[in-house]
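Beneath this line is the structure, given in structure tokens, with notes to follow.
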Number of protein chains: 2
Amino acid sequence: MKLDPVNILKEHDLKHTKQRVRVLEEIALDTVAISQPELEKKLGKEIDRVTLYRILNTYEEKGIVHRIMDLNGTANYALCSSACSEDHHHDEHVHFNCTTCGKIYCLEVTVPKIKMPAGFTAKTVNTTTYGTCEKCNALIAASA
Amino acid sequence: MKLDPVNILKEHDLKHTKQRVRVLEEIALDTVAISQPELEKKLGKEIDRVTLYRILNTYEEKGIVHRIMDLNGTANYALCSSACSEDHHHDEHVHFNCTTCGKIYCLEVTVPKIKMPAGFTAKTVNTTTYGTCEKCNALIAASA
DNA sequence: GTAGGGAATGCCATAAGATTGCAAGTGCTT
DNA sequence: AAGCACTTGCAATCTTATGGCATTCCCTAC
């Protein structure tokens with residue numbers, strides 16, 4: 001289970017194409033999730049818009065990437081941890097959406113159990129919290 | 001502080017128009033959040049598409065409604081509790097997005113403190129959890 | 001009660017974002 | 001090396017969102 005794009009593709013029975021590798025590379029560049037528009041801007045000259053959509057959908061279905069929606073309804077993508085697979089995304093996941101810079105971080109913290117009302121099952125507890133990230137906090141502190 | 005649409009509008013210095021009242025009525029019909037497409041379908045013949053966008057934006061800015069994004073990036077709206085105001089949305093809020101029927105519930109449970117990594121401030125802890133709601137659970141149980 | 005001013009609405013056009021069908025190209029297997 | 005299936009890129013289409021402007025409507029002052 002490596003972070004090497006070629007291995008990841010093989011493990012999920014996906015054909016090895018240069019477009020797919022490029023997309024994986026871009027997403028893997030940072031632990032911070034990257035937004036669809038950003039990906040499009042970076043890869044738009046190498047990869048067709050539609051292909052990018054399709055690749056991202058495939059990756060999500062296969063459990064290779066997480067798709068996280070930000071406050072504007074824009075899709076953001078981040079690599080899944082190795083615990084994710086096709087039929088079972090990593091259950092305990094906290095995303096942090098900075099409301100200042102817009103970046104989405106995947107936090108490696110345990111999610112406290114939220115008490116559900118009777119009848120509700122939190123099958124996939126996938127929580128997103130909003131606030132200010134460390135970089136933006138530093139900037140705010142500096143300018144104060 | 002009433003749930004009467006006319007009062008709500010007055011309290012937020014908004015003109016009383018029939019379109020605004022209708023939108024508030026629709027949203028207030030259910031504790032479950034209603035999606036933009038649903039609203040449009042229900043009100044499309046009375047209210048212009050563009051007007052609906054503008055009204056919803058206004059309501060969100062004024063702190064009258066919450067906007068919650070579902071997994072598809074679609075906006076869903078629900079009435080804010082009385083604790084919300086223009087400059088300070090209710091901080092502790094848990095939304096529950098049913099992955100089966102798509103409905104979004106506003107849960108009246110307290111949000112457990114999530115331990116943030118150093119430097120991160122969870123200014124507005126606005127958590128959304130995904131799973132199966134009581135109705136869908138009942139249906140699943142019945143068909144099993 | 002009514003006249004006037006400012007805001008809200010509706011319609012138009014336009015932009016941005018997402019999806020589908022199909023022909024051509026590419027990777028994988030034998 | 002050849003064939004097949006999958007993938008890609010392009011064009012067309014559709015949905016969703018935004019901006020400008022004339023008309024209408026609400027609220028206030030008189």
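Residue numbering restarts at 1 for every chain, and letters A, B, ... go by the order of the sequence lines.
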Phosphate OP1/OP2 of [N] contacted by [X] side-chain N/O (<4.0 Å):
{"X": "A:Q19", "N": "D:dG9", "value": "yes"}
{"X": "A:T17", "N": "D:dT8", "value": "yes"}
{"X": "B:T51", "N": "C:dG10", "value": "yes"}

Starting at atom [atom1] of [X], determine the distance to atom [atom2] of [N], rounded to an integer number of angstrom.
{"X": "A:L43", "N": "D:dT8", "atom1": "CG", "atom2": "P", "result": "13 Å"}
{"X": "B:K62", "N": "C:dA7", "atom1": "NZ", "atom2": "P", "result": "12 Å"}
{"X": "A:L56", "N": "D:dT8", "atom1": "CG", "atom2": "C1'", "result": "14 Å"}
{"X": "B:D13", "N": "C:dA8", "atom1": "CG", "atom2": "P", "result": "11 Å"}
{"X": "A:N57", "N": "C:dT19", "atom1": "CG", "atom2": "C1'", "result": "10 Å"}
{"X": "A:Y53", "N": "D:dT7", "atom1": "OH", "atom2": "P", "result": "19 Å"}
{"X": "A:E40", "N": "C:dA16", "atom1": "CD", "atom2": "C1'", "result": "10 Å"}
{"X": "A:R22", "N": "D:dG9", "atom1": "CZ", "atom2": "P", "result": "13 Å"}

Establish, from distance only, whether the side-chain atoms of A:E38 and A:S35 form a donor-acceptor pair under 3.5 Å.
->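 Yes, a side-chain donor-acceptor pair sits under 3.5 Å.
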
A:N137 and B:T121: side chain donor to acceptor below 3.5 Å |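 Judged by distance alone, the side chains do pair up.
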
Under 4.0 Å between any heavy atoms, over every strand shown, what does B:E46 touch: base, sugar-phosphate, or nothing? Just pick one.
->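 Sugar-phosphate, no base atom in range.
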
Counting side-chain heavy atoms from CB outward, which of [options] is closest to [X]?
{"X": "A:R49", "options": "C:dG17, D:dT18, C:dA8", "answer": "C:dG17"}
{"X": "A:D48", "options": "C:dG10, D:dC6, D:dG9", "answer": "D:dG9"}
{"X": "A:R20", "options": "D:dT18, C:dG10, D:dT7", "answer": "D:dT7"}
{"X": "B:I55", "options": "C:dG6, C:dT9, C:dC11", "answer": "C:dT9"}
{"X": "B:V50", "options": "C:dG6, D:dT18, C:dT19", "answer": "D:dT18"}

Assert yes or no for the condition that the ring centre distance of A:F120 to B:Y105 is strictly below 6.0 Å.
->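 Yes, they do, as the ring centres are separated by less than 6.0 Å.
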
Is a side-chain donor or acceptor of B:Y59 paired with a backbone partner of B:R20 at a separation under 3.5 angstrom?
->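 Side chain of B:Y59 to backbone of B:R20, a donor-acceptor pair under 3.5 Å: yes, one is there.
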
Closest-nucleotide 5' rank along DNA chain D - winner of A:T58 and B:H16 |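 Between the two, 5'-proximity favours A:T58.
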
By nearest nucleotide on DNA chain D, pick out whichever of B:R54 and A:L14 is the more 5' one.
->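 Upstream on the strand: A:L14.
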
Just do the side-chain contact (heavy atoms from CB on, under 4.5 Å) check on B:V21 and B:E25 with the steps written out, would you?
-> CA-CA 6 Å; B:V21 172; B:E25 282 173 355; 3.6 Å; yes

